[in-house]
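Just so you know, residue 1 is the first one in the sequence shown, and it goes up from there.
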Amino acid sequence: MATILRKIAQQVLSRTTFSDVAMDRARDAAVDTIGCMIAGRGDESVTALTRAFDGEIAGGGEARLVTGGSASPSLAALINATAAHALDFDDNFHPARAHASAVLVPALLAVLTSGRATSGRRFLEAYLAGLEAQAAVGFGVNPSHYNRGWHATATVGSIGAAAGVARLLGADENGLVAAMSLATSFACGPKGQFGTAAKPLHAGIAARNAVDAARMAFAGMSGRPDILERPQGFRDLFGGDDARGWEGLTFDEEHIIESRGVVTKRHPCCASTHRAIDALLDLKQEHGHLAGDIARIEAKVGISAVRNLAYPEPTDEMQARFSMQYCLATAFLNGALSLSDFTRQGIGRPEIREFMPRIGMESYSAEEEKGVERLPHVVTVTLRDGRIYWKSRLHAKGSLEAPMSDHEREVKFMDCLRWGNRNGYDAVFFLQFRKLADFENLSGDDPFWSLIAGRQSL
């Protein structure tokens, strides 16, 4: 009987054609991630990594870094994926409970060394393979795995991305199985690190693990093909109390990116805040309330969201990204959230601090959540005159159910580029965005690969 990893490998290798919808969504995810990677390259977490590995960067390597210089594919994946996730502006992927693209895209870029040029279509096909593998791994353990406290970006993401990297490198079925099995041994990442620099590092570690596991598999290293389901395997150790396993795992003709999509972030902060932010902004737009009108705002969210958002009074920009109070107060007062709201200076603004104590958060009960994949987040606004308004959001802006427009995606990309200290080059970067929009048609010898993979200055 085939093991779960073998079933996943057979599935991702059997997909030899993809719909236009799947390719378009993969391209959009890759472009969005590249923008986030560039925006995050100056973050303190990335700066610390470049200091830590300064000698190896100075010594050069096969793969280039978004920060400048070059390094080994392993180190490039680590640094570039940390940059992609540093500002928490990268997408979410619900089937894996992971920041799928922040792991996958930098890992795939890291193996685009000079001797392994590839086409845009092959790159996106490898991305889709890795995404489907992440969804399949997550099927057997989530949401129990995530609710137990594991950051699935670093665990499920590592295993699934290994399949994508292995496919891009041309692995056969045994190679994909070996790569995913080895990545399972690397998997780690506690959600207790949320609100610290270690959180974006989890994406970097996962991307590095995916690259290392695939390269080791090509060199003949292997692990147990049943490591997901066997005793003392992934589900047994990481699954939590309610992990269902993979007995019901099936693969549809429609790719997971078509049926579920990835959630492109509208706000540069933890996704656990997004539906509440969107609901509050909906209420503000509908009723035009001012800050002085508000007596109380209450957000009802999932249990895992409350656990993720552990900073009611954030003291730095990373904690602010994991503070419902800060995010709702800032969104209401400004009408939106931007990258500039998450700075040391920004989080101390008196008007924000004055408003935050009026915001509360509670979770659904375990009984309410039992057996339900997803419950809406509800925001209730109580005015000083006693009137009460509420809004429910099951899906955040940027999801398949509430998609961002092409224009909104373009605006976000340009904002990311500007945040990456590129003011004054809007026309140039607009052209680069247009080139990325034709991602799948890039040929293997197109010099633009050097730009995407960091082989020339961004």
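- Remark: of the listed residues E132, E125, E258, E132 is the sole one forming a salt bridge (Lys or Arg N to Asp or Glu O under 4.0 Å) with R15.
- The aromatic rings of H99 and H85 sit tilted relative to each other, their planes meeting at an angle between 30° and 60°.
- Nearest heavy atom pair, residue R275 against residue L375, reads NH1-O, 2.8 Å.
- Between the side chains of S74 and D212, at least one donor N or O lies within less than 3.5 Å of an accepting N or O.
- The closest side-chain donor-acceptor pair between E62 and S70, if any, does not fall under 3.5 angstrom.
- W150 and F238 have tilted rings, their planes meeting at an angle from 30° to 60° on a 0 to 90° scale.
- Listed for the N209 side chain is a donor-acceptor partner under 3.5 Å among the backbone atoms of I205.
- Using a 4.0 Å cut-off between charged nitrogen and carboxylate oxygen, D242 and K370 do not count as a salt-bridge pair.
- M23 places a side-chain heavy atom less than 4.5 Å from the side chain of L128.
- A cation-pi geometry, defined here as NZ or CZ lying under 6.0 Å from the six-membered ring centre and within 45° of its normal, does not hold between R260 and F93.
- If you check the side chains of N308 and S272, you find a donor sitting under 3.5 Å from an acceptor.
- No donor-acceptor pair under 3.5 Å is formed between the side chain of S399 and the backbone N or O of H395.
- There is no side-chain donor-acceptor pair under 3.5 Å between T330 and D341.
- In summary, D278 and R393 engage in a salt bridge, as defined by a charged side-chain N under 4.0 Å from a carboxylate O.
- Ion pairing between a basic and an acidic side chain is recognised when a charged N comes within 4.0 Å of a carboxylate O; E368 and K300 show such pairing.
- Remark: R148 CZ is loosely packed, at most 12 non-hydrogen atoms of other residues, nucleotides or ligands lying under 6.0 Å away.
- In this structure, D415 and F89 have side chains that are not in contact, with every pair of non-hydrogen atoms separated by 4.5 Å or more.
- The aromatic rings of Y326 and F342 lie perpendicular to each other, with more than 60° between the two planes, well past the 30° mark.
- In this structure a side-chain-to-backbone donor-acceptor pair under 3.5 Å is missing from S45 to A197.
- A side-chain donor-acceptor contact under 3.5 Å links N80 to the backbone of V66.
- Judged by distance alone, with hydrogens and angles left aside, the side-chain atoms of S14 form a donor-acceptor pair with the main-chain N or O of Q11 at under 3.5 Å.
- The pair D24-R27 meets the salt-bridge criterion, since a charged nitrogen lies less than 4.0 angstrom from a carboxylate oxygen.
- Using a cutoff of 4.0 Å between basic side-chain nitrogens and carboxylate oxygens, K412 and D32 are scored as salt-bridged.
- The closest donor-acceptor contact from the side chain of H274 to the backbone of C269 lies under 3.5 Å.
- Taking the charged nitrogens against the carboxylate oxygens, D90 and K265 have no contact shorter than 4.0 Å, which rules out a salt bridge.
- With salt bridges taken as basic N to acidic carboxylate O contacts below 4.0 Å, one links E44 and R344.
- Checking side-chain atoms of E173 against main-chain N and O of R6 turns up no donor-acceptor pair under 3.5 Å.
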